[in-house]
Amino acid sequence: MAARRVVIVGGGTAGWMTAAALTKLLPGRCAVHLIESDAIGIVGVGEATLPHIRAFNEKLGIAEADFMAATRATFKLGIEFRDWGRIGDTYIHPFGTFGPGGGEVDFHQYWLRLKQQGMAVPDLDRFSMACTMARMNRFALPTSDPNQLRGSFGYAYQFDATLFGPYLRRIAEQMGAKRTEGRIVAVDRDGGSGNIEAVRLESGERIEGDLFVDCSGFVSLLLGKALAEPFQDWSKWLPADRAVAMPCRTEGAVSPFTGAIAMPAGWRWRIPLQHRTGNGYIYASAFTTDDDAAQALTEAVEGEPIASPRVLRFLAGRRARSWVHNCVGVGLASGFLEPLESTSIYLIQAAITALLELFPDGEISPIDRDEFNRLIDLEYDRIRDFLILHYHATERAGTPFWDYVRTMQIPDSLAEKLELFRRRGRVVKYREGVFLDASWIAVYLGQRVIPDGHDMRADAPAAESLIAGMRKLSTDIEGIAAGMEDHAAYLRRYCPMKEDA
Ligand SMILES: Cc1cc2nc3c(=O)[nH]c(=O)nc-3n(C[C@H](O)[C@H](O)[C@H](O)COP(=O)(O)OP(=O)(O)OC[C@H]3O[C@@H](n4cnc5c(N)ncnc54)[C@H](O)[C@@H]3O)c2cc1C
C-alpha cells in the first residue's frame with residue numbers, strides 16, 4: 001500500500017506529539033505533513049503531567065535526562081491539595097500505592113477498620129512512599145520491583161510547555177515529517193462522502209491528505225468548524241472557564257510535586273521548574289472578574305513575577321465524537337478538562353495510542369472509528385467525574401463559588417461512586433483508563449468523604465499485629481525517604497537544564 005498521507009493541523013504539544021509518534025512507530029506506513037501558524041502560536045501552558053508520559057517517551061526512544069534537561073523539567077510525585085475540604089486542610093494525591101499489596105483486601109481497608117475501632121493509627125499518607133518523599137522534598141528513581149517500598153511509587157514531570165513541542169519536532173523531522181508554516185484559511189470537503197480532501201493556506205497552497213488530525217487547539221478548525229461536530233458543554237459541573245497565568249522566580253525549595261491551592265472562585269496551580277515556578281489561577285468568570293483574579297494571584301505567588309498576568313479562556317467539555325469522517329481530533333481541538341489533575345497531555349497521549357492501534361490499513365472502517373470514540377469517551381467521562389469530585393466533596397461554605405459546587409447536582413456516575421465509598425470504602429475498579437484506586441482514595445479521604453464501614457474481610461487479622469505492622473511500615477518509609485537526595489540536588493546531578501534550550 002502506498003504511504004497514507006496524514007495531514008496534522010497544528011504544531012502545539014498535540015501536533016508534535018502526534019507527528020513524532022506516527023513517524024517513529026509507523027515508519028513507511030504514512031507520510032506526515034504538519035501545518036502550523038507562527039502568527040497564531042500555541043497555547044503555551046501545560047506544565048504538569050501524569051506518569052503515563054514516561055511510556056510515551058520511552059516508545060519514542062527519548063533519553064530521560066536529555067529530555068528533562070532540554071525542557072528544564074523537574075520530577076513530580078503527585079499533587080498537593082490545600083484548602084479544598086476545609087480551609088487549612090492539606091493532602092497529597094500521590095503517584096503510587098498506599099501500603100503494600102498482597103493482602104486479602106486493599107490496604108486502606110485494614111486502616112479504615114482500625115480507625116473505625118478507635119485505634120491510634122498514623123494518617124494514610126504515611127503509608128505512601130510518594131507522599132512521604134514529596135513532603136520531605138526528596139527524590140530517587142524507583143526500582144523496578146513494585147513489591148518493594150523503593151519501587152512502590154511512580155513519577156511524572158513538570159516541564160516548560162513551550163520547549164516540549166520543539167523537542168518532539170526534532171524527532172519527527174528526523175523521522176521524515178514535513179512541516180509547512182502558514183495559516184489555513186479554508187477546508188475542502190468531498191461533496192459525496194463528506195470527507196476532508198484538503199486544506200488551503202493563505203499563501204494559496206493546497207495540501208491534500210487521506211487522514212487529517214486536528215490539533216488546532218481551542219479553535220477546532222476541522223472537527224468543530226469544518227465538520228461542525230457538536231460540543232458537549234460540561235460547565236454546569238466544572239464552571240471554571242478562565243485562567244490567569246503568571247510565572248515567577250522560585251523561592252525556597254524546588255518541590256517534587258504540583259501545588260493546587262483552593263481560591264475563592266476556583267484554585268491556583270504552583271509548578272516548580274528548574275528555571276522558574278509556573279503559577280496560574282483557574283476561576284469561574286460567573287464568580288469573579290479577570291482583574292480580581294489577577295490581583296488575587298499576584299498577592300498569592302511566593303516569588304518575584306517574571307511576566308505580566310496573561311488571561312486564557314476555555315470551556316469544559318468535549319466534541320461529541322473525536323473521530324468523524326477522515327478527521328481525528330487530538331488535544332484541545334477535541335475537548336478540554338481543566339488542569340486540576342494535569343490530564344490534558346495524558347488525553348493527547350490516549351488519543352495517539354488509540355489512533356496507532358486503530359490506524360487505517362486501507363479504507364477507514366466505521367468499526368475502528370467507533371472503537372476510537374468509545375475509548376476517548378471513556379477517558380473523558382472518568383476524568384470529568386474525578387475532577388467534579390474535588391469541587392463537590394467540600395465543607396467550604398459562605399463563598400458563592402464553593403456554595404454552588406458543594407450543592408450542585410452531580411452526574412449519576414459520580415453519585416454512585418461516592419455512595420459506594422461512603423458505605424464501606426469501596427472504590428469502583430477500572431479495566432482501562434486513568435486514575436486507579438489510590439487516586440480516588442486520596443481525594444475521598446483528603447476531602448473528608450469518610451466511609452461508614454469497611455470490607456468485613458479486613459476484620460480477620462488481630463488488631464495488635466496490624467498496628468505493629470503499620471507502625472513498622474511508616475517508620476521504614478520515612479527512613480528510606482530520609483536517605484534519599486534532596487530533589488533540587490538530584491536534578492542538578494541528573495539533568496541540569498540546558499541554558500540554550
Ligand atoms: C490554563 C491552562 C493550563 C493547562 N495546564 C495543563 C497542565 O498542567 N497539564 C496538561 O497536561 N495540560 C495542561 N493544559 C492543556 C495543554 O496546554 C494542552 O493540552 C496542550 O498544550 C495541547 O494544546 P494543543 O496542541 O491542542 O493546542 P495549541 O497549543 O493551541 O496548538 C494549536 C496549534 O494549531 C495551530 N493553528 C490554529 N489555527 C490554525 C490555522 N488557522 N492555521 C494554521 N495553524 C493553526 C496553532 O498555530 C498551533 O500550532 C492547560 C491548558 C490551559 C488552558
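Indexing begins at 1, ligand by ligand and atom by atom, following the structure's order.
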Can you check whether [X] reaches [Y] side chain to side chain, under 4.5 Å on heavy atoms?
| X | Y | answer |
| --- | --- | --- |
| Asp437 | Phe98 | no |
| Tyr391 | Phe401 | yes |
| Ile79 | Trp269 | no |

Within-shell test, [X] vs ligand 1, heavy atom, strictly < 4.0 Å:
| X | result |
| --- | --- |
| Tyr346 | no |
| Leu221 | yes |
| Ile348 | yes |
| Gly280 | no |
| Gly182 | yes |
| Ala161 | no |

Open item on the list: Counting only heavy atoms, tell me which of Gly15, Ala156, Cys215 gets closest to atom 33 (C) of ligand 1.
Closed with: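 Comparing heavy atoms across Gly15, Ala156, Cys215, the nearest one to atom 33 (C) of ligand 1 lies in Cys215.
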
Open item on the list: Main chain of Phe75, side chain of His487: is a donor-acceptor contact present, judged purely on distance under 3.5 Å?
Closed with: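 Yes.
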
- [ ] State whether the side chain of Asp292 and the backbone N or O of Thr289 hold a donor-acceptor pair below 3.5 Å, judged by distance alone.
- [x]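 Answer holds: no.
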
Open item on the list: Please report whether the ring centroid of Phe386 lies less than 6.0 Å from that of Trp440.
Closed with: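 Yes, close enough.
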
- [ ] Answer with yes or no after comparing the ring centroid distance for Tyr281 and Trp267 against a 6.0 Å cut-off, counting only values under it.
- [x]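 For Tyr281 and Trp267, the ring centres are not under 6.0 Å apart.
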
Open item on the list: What verdict does the side chain to side chain donor-acceptor pair (under 3.5 Å) test give for Thr49 and Ser342, after you've listed the backbone C-alpha separation in whole Å, the side-chain angles of each residue and the deciding distance to 0.1 Å?
Closed with: CA-CA 5 Å; Thr49 60; Ser342 323; over 6 Å; no

So for ligand 1, is [X] a polar contact partner (N or O within less than 3.5 Å, distance only)?
| X | value |
| --- | --- |
| Ile271 | no |
| Leu332 | yes |
| Thr343 | no |
| Val43 | yes |
| Val45 | yes |
| Ile42 | no |
| Ala14 | yes |
| Ile184 | yes |
| Gly41 | yes |
| Ala48 | yes |

Considering only non-hydrogen protein atoms, determine which one is nearest to [atom] and report residue, atom name and distance to 0.1 Å.
| atom | answer |
| --- | --- |
| atom 11 (O) of ligand 1 | Ile345 N, 2.8 Å |
| atom 49 (O) of ligand 1 | Gly11 N, 2.8 Å |
| atom 37 (C) of ligand 1 | Ser216 O, 3.4 Å |
| atom 39 (C) of ligand 1 | Ile40 CD1, 3.3 Å |
| atom 19 (O) of ligand 1 | Ser344 CB, 3.2 Å |
| atom 5 (N) of ligand 1 | Pro339 CB, 3.2 Å |
| atom 6 (C) of ligand 1 | Gly46 CA, 3.1 Å |

Less than 3.5 Å apart, any donor N or O on the side chain of [X] or [Y] sitting next to an acceptor on the other?
| X | Y | answer |
| --- | --- | --- |
| Thr258 | Gln158 | yes |
| Asp160 | His275 | yes |
| Glu64 | Tyr157 | yes |

Task: Gap between atom CD of Gln349 and atom OG1 of Thr13 - 0.5 Å precision - done: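 If we round to the nearest 0.5 Å, Thr13:OG1 and Gln349:CD are 12.5 Å apart.
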
Task: side-chain contact (heavy atoms from CB on, under 4.5 Å) partner of Trp323, chosen from Ile364, Ile376, Val213 - done: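 The single option meeting the side-chain contact (heavy atoms from CB on, under 4.5 Å) with Trp323 is Ile364.
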
Task: Sole residue of Tyr444, Tyr91, Trp402 in ring pair (Phe, Tyr, Trp, His ring centres under 6.0 Å) with Trp84 - done: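 When Tyr444, Tyr91, Trp402 are each tested with Trp84, the ring pair (Phe, Tyr, Trp, His ring centres under 6.0 Å) holds only for Trp402.
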
Task: Within reach of ligand 1, part of Glu338 (heavy-atom separation under 4.0 Å) - done: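 It is neither part, as no heavy atom is under 4.0 Å.
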
Task: Which segment of Ser37 sits under 4.0 Å of ligand 1 when only heavy atoms are counted - done: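 It is both backbone and side chain that touch ligand 1.
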
Task: Geometric cation-pi criterion Arg384 and Trp234, 6.0 Å radius, 45° cone - done: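 Yes, Arg384 and Trp234 form such a contact.
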
Open item on the list: Does the structure place the NZ or CZ of Arg54 under 6.0 Å from the centre of the six-membered ring of Tyr155, at an angle of no more than 45° from the ring's axis?
Closed with: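 Ring-cation test returns yes.
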
Give the numbers and elements of all ligand 1 atoms closer than 4.0 Å to a heavy atom of [X].
| X | value |
| --- | --- |
| Ala243 | 1 (C) |
| Gly331 | 26 (O) |
| Glu47 | 7 (C), 8 (O) |

TODO: Apply salt bridge (charged side-chain N to carboxylate O under 4.0 Å, His left out) to the pair Arg270 and Glu80, showing each step before the final yes or no.
DONE: CA-CA 10 Å; Arg270 184 184 174 282; Glu80 183 194 62; over 6 Å; no

